[in-house]
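Here the structure is laid out as structure tokens; the discussion comes afterwards.
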2 protein chains.
Amino acid sequence: MFGPHRWHGKFRGCGCRLTLPRETVLNILNRTDKHLSVDEVFAVVNRSYPGIGIATIYRTLDLLSRMGLVSKFEFGDGKSRYELAESKKGHHHHLVCNGCGRIIDYSDFINKEVKFVSELEKELAEKHKFKINSHQIHFYGICKECTNK
Amino acid sequence: MFGPHRWHGKFRGCGCRLTLPRETVLNILNRTDKHLSVDEVFAVVNRSYPGIGIATIYRTLDLLSRMGLVSKFEFGDGKSRYELAESKKGHHHHLVCNGCGRIIDYSDFINKEVKFVSELEKELAEKHKFKINSHQIHFYGICKECTNK
DNA sequence: CTCCTTTTGATAATCTTTATCATTCTGATA
DNA sequence: TATCAGAATGATAAAGATTATCAAAAGGAG
Ligand SMILES: [Mn+2]
Ligand SMILES: [Mn+2]
Ligand SMILES: [Zn+2]
Ligand SMILES: [Zn+2]
């Protein structure tokens, strides 16, 4: 299912309502290609809907995260960052620059990676009796811009 | 180089001193097999050296982390956690339980993984002109204990 | 010993996130 | 349509973690 209406389904039957704040947050995450923090999401929401409070943004991102619609990351700058789980970017992993904090999404070699990871998941699940739901792969280092500087 | 004296070398020539608080923190991380938070490290230090303040623990862990002696993680419980980088555990990755927060180190299949990751690193470094220094691989899910409950 | 730099402890300040609680909204039901 | 219970919200207080400050202490070179 595509288009911005694909979320209605996920809310049906979970006892939660797809309210204006929730839909607004989803739309914002759907448009951006960045990894937004709570206050960044709040700032954008605030432009269109000054009545929506930041507590709702915290609660919404937490809910969407628990629902699996949104992925939560800690890249090391002290604030949580969020990204739509099934975005146009598709499945990908991250390069994190220790110099400037830049986050680079990559999905090169992703087929090879997905294949490798899913095999690994199967082996780990069996060996440790651990039911794996998701994974994150982060590479840390120095980006192109920080090298030339 | 092995044994608890292997750190002296790293400090020589970096302009930093291997002081009592720093050596104490290193020894604590060397002994434990857990991923300790700042306040957990502080609590242990405090038993033997009540004079050492928590600010020093923050500063020490940050320094050791920047020196590469210690690895810093955010597992999602709101506090940073630290582990000796070259410990007896060897290179490993993590399973993180969303139920109880338990962290499981694994190094099964690590040879296959290291081989795969180092190839991937090479390709990514070239393609994105990104100098990779380290990586983290986390699998999230439900642990054995949380399943039987 | 003297000077200069590094390190430290105490504590204030900042920043992010969570908890509270009264109010509003929604949808189901009669 | 009027009623009601649960869900959601906004404002704000509270909690927690981390960082900033600053004066004092410690270490090392000469
Ligand atoms: Mn991303
Ligand atoms: Mn570990
Ligand atoms: Zn950079
Ligand atoms: Zn568990």
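Below, chain A is the first sequence line, B the second, and so on; all start at residue 1. Bear in mind the structure is a predicted one, so any value in this text is a computation, not a measurement.
A salt bridge does not link B:E74 with B:R81: every distance from a Lys NZ or Arg NE/NH1/NH2 to an Asp or Glu carboxylate oxygen is 4.0 Å or more.
For the pair B:Y58 OH and D:dT21 P, the interatomic distance rounds to 17 Å; values are reported in whole Å. Here the C1' atom of nucleotide D:dT19 and the CG atom of B:L63 are 16 Å apart, to the nearest Å. The separation between A:K72 atom NZ and C:dT16 atom P is 14 Å, rounded to whole Å. Atom-to-atom, CD of A:E23 to P of D:dT9 comes out at 12 Å; the value is rounded to the nearest Å. Atom CZ of B:R81 and atom C1' of D:dG16 are 14 Å apart (whole Å). The CG atom of A:D39 sits 14 Å away from the C1' atom of C:dT14 (whole-angstrom rounding). As a whole-Å value, the separation of A:D62 CG from D:dA7 P is 16 Å. The CZ-C1' distance, from B:F11 to C:dT7, rounds to 12 Å in whole Å.
One finds no side-chain N or O of B:T19 lying less than 4.0 angstrom from the OP1 or OP2 phosphate oxygen of D:dA26. Dashed line: the shortest gap from a side-chain N or O of A:T56 to OP1 or OP2 of D:dG10 is under 4.0 Å. The phosphate of D:dT9 has neither OP1 nor OP2 within less than 4.0 Å of any side-chain N or O from A:R17. Distances shorter than 4.0 Å separate none of the side-chain N or O atoms of B:R59 from OP1 or OP2 on C:dT7.
Residue B:I52 is classed as a sugar-phosphate contact, given heavy-atom separations below 4.0 Å to backbone atoms only. Within the nucleic acid shown, B:S37 has no heavy atom closer than 4.0 Å to any nucleic acid atom.
Of all heavy-atom pairs spanning A:F130 and B:V96, the tightest one is CZ-O, 3.4 Å.
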Determine whether A:K112 and B:E123 satisfy the following criterion, salt bridge (charged side-chain N to carboxylate O under 4.0 Å, His left out), listing intermediate values before the conclusion.
CA-CA 12 Å; A:K112 235 168 56 179; B:E123 294 176 310; 3.0 Å; yes
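When each of B:K79 and A:R22 is assigned the nucleotide of DNA chain D with its nearest heavy atom, A:R22 is the one assigned upstream, toward the 5' end.
Which of C:dT17, C:dT11, D:dG10 sits closest to the side chain of B:A55 comes down to C:dT11.
Between B:H94 and B:H92, the angle of the ring planes goes over 60°, which puts this pair in the perpendicular group of the 30/60° scheme.
Proximity of the aromatic rings of B:H138 and B:F75 is defined here by a centroid distance below 6.0 angstrom, and this criterion is met.
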